[in-house]
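Structure, as structure tokens:
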Amino acid sequence: DQYGRRYRAKHSFKVTKNGKQLSLWVDIDNGASREDMHKAFIQRRRQVVGDCHQLKIDMDYFNDSNPEEEPIQIVFDFTDDLEELEFLEKKKKAS
């Protein structure tokens, strides 16, 4: 984009019409409505949360199965990670 960010243009979200679940695709640059983008973003966030949930289950299982070892702990607050990635992207563009 005008700021040098790489973004995903095509987004999908699921809707139910006439009792059938459909995946609709919209293009962020060609007429995607705010409502459709909001649905797509919420559904993608749910996918991320689902992945994190499974990661925690797997980690808890490993830790419970290996009580003689120091437990593995993972932070699920991504605020610092996102800030660091944005900083590195800006730094890369500046060089």
Side-chain angles (χ1 to χ4, degrees):
D1 71 356
Q2 65 192 21
Y3 302 106
R5 295 176 296 203
R6 292 183 53 170
Y7 65 95
R8 181 174 292 169
K10 311 292 190 219
H11 294 264
S12 71
F13 59 93
K14 292 184 169 107
V15 296
T16 302
K17 289 190 177 183
N18 299 324
K20 292 186 177 186
Q21 188 178 64
L22 306 170
S23 288
L24 300 181
W25 286 87
V26 293
D27 187 319
I28 200 168
D29 293 319
N30 289 314
S33 70
R34 183 186 189 285
E35 180 183 350
D36 289 347
M37 291 308 303
H38 190 243
K39 288 177 191 174
F41 293 152
I42 287 172
Q43 289 178 16
R44 267 185 56 207
R45 185 181 187 282
R46 285 185 189 142
Q47 291 171 349
V48 170
V49 170
D51 286 344
C52 289
H53 180 244
Q54 187 61 57
L55 172 58
K56 184 167 185 330
I57 289 170
D58 297 344
M59 180 180 64
D60 289 346
Y61 174 81
F62 178 85
N63 288 337
D64 291 344
S65 298
N66 296 279
E68 70 287 351
E69 296 189 46
E70 181 180 346
I72 296 171
Q73 296 181 347
I74 302 288
V75 175
F76 289 95
D77 177 348
F78 297 104
T79 303
D80 291 342
D81 301 271
L82 292 170
E83 288 176 2
E84 180 180 1
L85 288 172
E86 287 177 356
F87 172 79
L88 292 173
E89 286 173 1
K90 287 178 184 175
K91 186 177 177 181
K92 184 178 177 181
K93 289 176 203 160
S95 59

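These numbers come from a predicted model, not from an experiment.
- A donor-acceptor pair is defined here as one N or O able to donate and one able to accept, closer than 3.5 Å; such a pair exists between the side chain of Asp77 and the backbone of Thr79.
- When all heavy atoms of Gly4 and Lys93 are compared, the pair lying nearest together is O-CE, 3.3 Å.
- Between Tyr7 and Asp29 the shortest side-chain heavy-atom distance falls below 4.5 Å.
- Gln43 CD to Lys14 NZ: the interatomic distance, rounded to the nearest 0.5 Å, is 7.0 Å.
- Here the two rings, on Phe13 and His38, have centers that are 6.0 Å apart or farther.
- Of the inter-residue distances, the one linking Glu83 atom CD with Asp81 atom CG reads 9.5 Å to the nearest 0.5 angstrom.
- For the atom pair CD (Glu84) and NZ (Lys91), the distance works out to 10.5 Å, reported to the nearest 0.5 Å.
- In this structure, Pro67 and Ser65 approach most closely via the heavy-atom pair CD-C, 3.4 Å.
- Among all heavy-atom pairs drawn from Phe76 and Cys52, the shortest one is CE2-O, 3.6 Å.
- Annotation: side chain of Glu89 is not in contact with side chain of Arg6 (no heavy-atom distance under 4.5 Å).
- With rounding to the nearest 0.5 angstrom, the OG atom of Ser33 is 7.0 Å from the NZ atom of Lys39.
- Closest non-hydrogen pair, Pro71 versus Asn63, comes out as CA-OD1, 3.5 Å.
- The local environment of CD in Glu69 is crowded, with over 12 non-hydrogen atoms from other residues, nucleotides or ligands closer than 6.0 Å.
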- Before giving the answer on side chain to side chain contact (heavy atoms under 4.5 Å, CB included), spell out for Val48 and Arg44 the whole-Å C-alpha distance, their side-chain angles and the decisive distance to 0.1 Å. CA-CA 6 Å; Val48 170; Arg44 267 185 56 207; 5.8 Å; no

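- Formation of a donor-acceptor pair under 3.5 Å by the Asp36 side chain with backbone atoms of Ala32 is not found in this model.
- Annotation for Asn66 and Phe62: closest pair ND2-O, 2.8 Å, computed over non-hydrogen atoms.
- Each of Phe78 and Val49 belongs to its own hydrophobic cluster when Ile, Leu, Val, Met, Phe, Trp and Tyr are linked at side-chain heavy-atom distances under 4.5 angstrom.
- The NZ atom of Lys56 sits 15.5 Å away from atom CG of Asp51, with the distance rounded to the nearest 0.5 Å.
- Using a cutoff of 4.0 Å between basic side-chain nitrogens and carboxylate oxygens, Lys90 and Glu86 are not scored as salt-bridged.
- Side-chain atoms of Asp58 and Gln54 form a donor-acceptor pair, as typed in the model, at a separation below 3.5 Å.
- When all heavy atoms are compared, the tightest approach of Ser12 to Ala40 is O-CB, 3.5 Å.
- Residues Leu22 and Trp25 are members of separate hydrophobic clusters, defined by side-chain heavy-atom contacts under 4.5 angstrom among Ile, Leu, Val, Met, Phe, Trp and Tyr.
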